[in-house]
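Let me begin by presenting the structure, written as structure tokens, before commenting on it.
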Protein chains: 2
Amino acid sequence: MLMLVDPHLLRTFVTVVAEGSFSAAADRLGYTQPAVSQQIAALEADLGVPLLTRRPVRPTRAGERLLEHAGPLLLRLRAARADVARMSARPRPLTVAAGPLALSAGTAAALSGVTTLRIAGAAEAVALVASGEADLALADGPAAPSDPLGLPDAGPLTIVGVREEELVVVLPEGHPLAGRAGLRLDDLADALWVDAPEVMPLDRLRAVARLDGLRTGMRYEGHDPAVAARLAAAGHGLTLLPASAAVCGVRVPLLAPRIVHRVELVHAALPPGPAAEVVRALTSAPLSASAS
Amino acid sequence: MLMLVDPHLLRTFVTVVAEGSFSAAADRLGYTQPAVSQQIAALEADLGVPLLTRRPVRPTRAGERLLEHAGPLLLRLRAARADVARMSARPRPLTVAAGPLALSAGTAAALSGVTTLRIAGAAEAVALVASGEADLALADGPAAPSDPLGLPDAGPLTIVGVREEELVVVLPEGHPLAGRAGLRLDDLADALWVDAPEVMPLDRLRAVARLDGLRTGMRYEGHDPAVAARLAAAGHGLTLLPASAAVCGVRVPLLAPRIVHRVELVHAALPPGPAAEVVRALTSAPLSASAS
DNA sequence: GGATTCGCATAAGCGATGCTGATGCTCGTG
DNA sequence: CACGAGCATCAGCATCGCTTATGCGAATCC
């Protein structure tokens, strides 16, 4: 009697869905195609439900359900291994994952001894720390003042806020609202926005502000905040950035809803060493809302 | 190359630690003792670290680390199976898990068609829903007004607040503070409290109130709020209860910190049926702070 | 519209895994 | 110091899951 879903099957399932093909998944995982075929069959037999349609290869309803579990599950599995491994690991090159807007002058100064800096979205940054690929992460995103970012739960991680900063709306020169002293987001819900999912995802903004609008004007797929600001200044759509990252355009403070840009430090339990030093440096200063 | 920790080994490991013995764990799991021995050895070989001390059988530091992951991991594994199973399950006896203080007159009325009602702490209630053993849960606990309870993440569950109620301190008649119109928790940190972990855990209260005190007078291990109130009224220690549950003693509203008793409905995605009906009944009324 | 090809399913074979029962060994106990 | 409880080890064997080879159905192409 199999009570526990086999994670190998789960991983194969995820890969098949991602690749959209049994054979491609087999290649990627280093199996042969029949092995994948059998694994999927085994998983479906175990759960008693078809998980994939073949030709085209797509998840069924049940398969989509399973997918929602599979990601976090596989992450935690890697996290467990990484967490135990940290116990007996000696010093190694220090890797930090940071959100695109997480590095201010203050935080950058604290990163002494860091070998590699990797830019990653909030969820990805947490995953990197949990799985041991990064030692620390500085996740960033919009949040209500002194509220935590809703970071995904990937195991016993320490999460502390390290910075909060005022958000400003970036407008092009001459925009009708450019003269205002402050703006309400509701008034801008119908305007066109620059959707920069790797800088300041509109979805998250909508969730935090409890808003439905924010139509997309131009989409920017890079993660340089300066580019987002320039696009906004050039009139391709509005954008919302922490004051210090809005390097051009007309910057008008956001009045309502009360949302700030928050940076949180994420790390596992660390043995004494350079990583722990950086954590201390980052957390020694009290969390303060630094304007501009 | 094993990249993924084998959940069977994890389950065995958890059981061995819980039982404090290889042979007892073997019994419990339906294995023989050598099987357990080999599984633990395999897990230790896989992770490259000793996880248990033998004689006495106790987790090492690394083992404790692994334990923190194991629980949530195994829960999610069961949750994944349950979630997929729900897709193809036809109606069955409706089971609801509820916190000891979650059932007011209003919520009780909404539970039509429910076969079994089970009292469980917040974390346990979530686990029951995730693993499919319960269809719905009403988790309860102290929280800042309109802040969510910090329920553990056990997968894609829907969590909505359904009630918030004022908290009162229960004092014995004639207590020096019994005449007050309201009380601050800081002033009571040094008093003796009734620790009723299954009704209103002091730990959670300390966490929410950011307080260190609250000395334990008497410990009550049942989950009847009326008993907790009676113990407080009899002078065995103070207690904090939602106004409607404080059936005796002198009841003084809590003024600071601003904490309310919150009830949240937890459920997975439900196919239409009696369970979905109950959810609708519970969520149709707007969340309102009902005094007394 | 028939031939072709791409891609998943099935079959047979075989090595590896992981269980059981028997036995050895070691630490804690009286 | 001797005993016993309890974990480790060993040999044997069933099962599982991978590989190679092949079957088969559905799109595609001319």
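A, B, ... follow the sequence lines: proteins, then strands. Residue 1 opens every chain. What you are looking at is a predicted structure, and each value in this text was computed from that prediction instead of being measured.
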Using a cut-off of 4.0 Å on non-hydrogen atoms, how would the nucleic acid contact of A:Thr32 be classed: base, sugar-phosphate, or nothing?
base
Within this structure, what is the CG-to-C1' distance between A:Leu51 and C:dC8, rounded to whole angstrom?
16 Å
Could you check if a side-chain atom of A:Thr158 sits within less than 4.5 angstrom of a side-chain atom of A:Val266, using non-hydrogen atoms only?
no
Can you check each nucleotide of nucleotides 24-30 of chain C against protein heavy atoms at under 4.0 Å and return B for base, S for sugar-phosphate only, - for none, in 5' to 3' order?
--BSS--
Report yes if a donor N or O on one partner sits less than 3.5 Å from an acceptor N or O on the other, where the partners are the side chain of A:Gln33 and the base of C:dA9; otherwise report no.
yes
Treating B:Gln39 as the side-chain partner and B:Arg11 as the backbone partner, does any N or O pair qualify as donor plus acceptor under 3.5 Å?
no
When you measure from the side chain of B:Gln38, which nucleotide among C:dC19, C:dC8, C:dA11 comes out closest?
C:dC19
Base, sugar-phosphate, or nothing for A:Val57, non-hydrogen atoms under 4.0 angstrom?
sugar-phosphate
Mind checking B:Ser37 for me? I need base, sugar-phosphate or nothing, with any heavy atom below 4.0 Å counting as a touch.
base
For chain A, the stretch of DNA chain D it reaches, first to last nucleotide, under 4.0 Å of its heavy atoms
D:dC18 to D:dA26
Separation of C:dT10 atom P from A:Phe22 atom CZ, nearest Å, is 11 Å
Side chain proximity check, A:His267 to A:Leu157, heavy atoms < 4.5 angstrom:
no
Could you pull out the closest heavy-atom pair between B:Ala130 and B:Leu75, with the gap in Å?
CB-CD1, 4.3 Å
Contact check, side chains of B:Val36 and B:Val16, non-hydrogen atoms, under 4.5 Å
yes
Touch class at under 4.0 angstrom, heavy-atom based, for A:Gln39 against every strand present
sugar-phosphate
Are the side chains of B:Arg81 and A:Leu66 in contact, using a 4.5 Å heavy-atom criterion?
no
Give a yes or no on whether B:Arg28 atom CZ has more than 12 heavy-atom contacts from other residues, nucleotides or ligands under 6.0 Å away.
no
Among A:Val160, A:Ile159, A:Val278, find the residue that satisfies the side chain to side chain contact (heavy atoms under 4.5 Å, CB included) test when tested with A:Leu265.
A:Val160
Do B:Pro93 and B:Thr116 make a side-chain contact, defined as non-hydrogen atoms from C-beta onward lying under 4.5 Å apart?
no
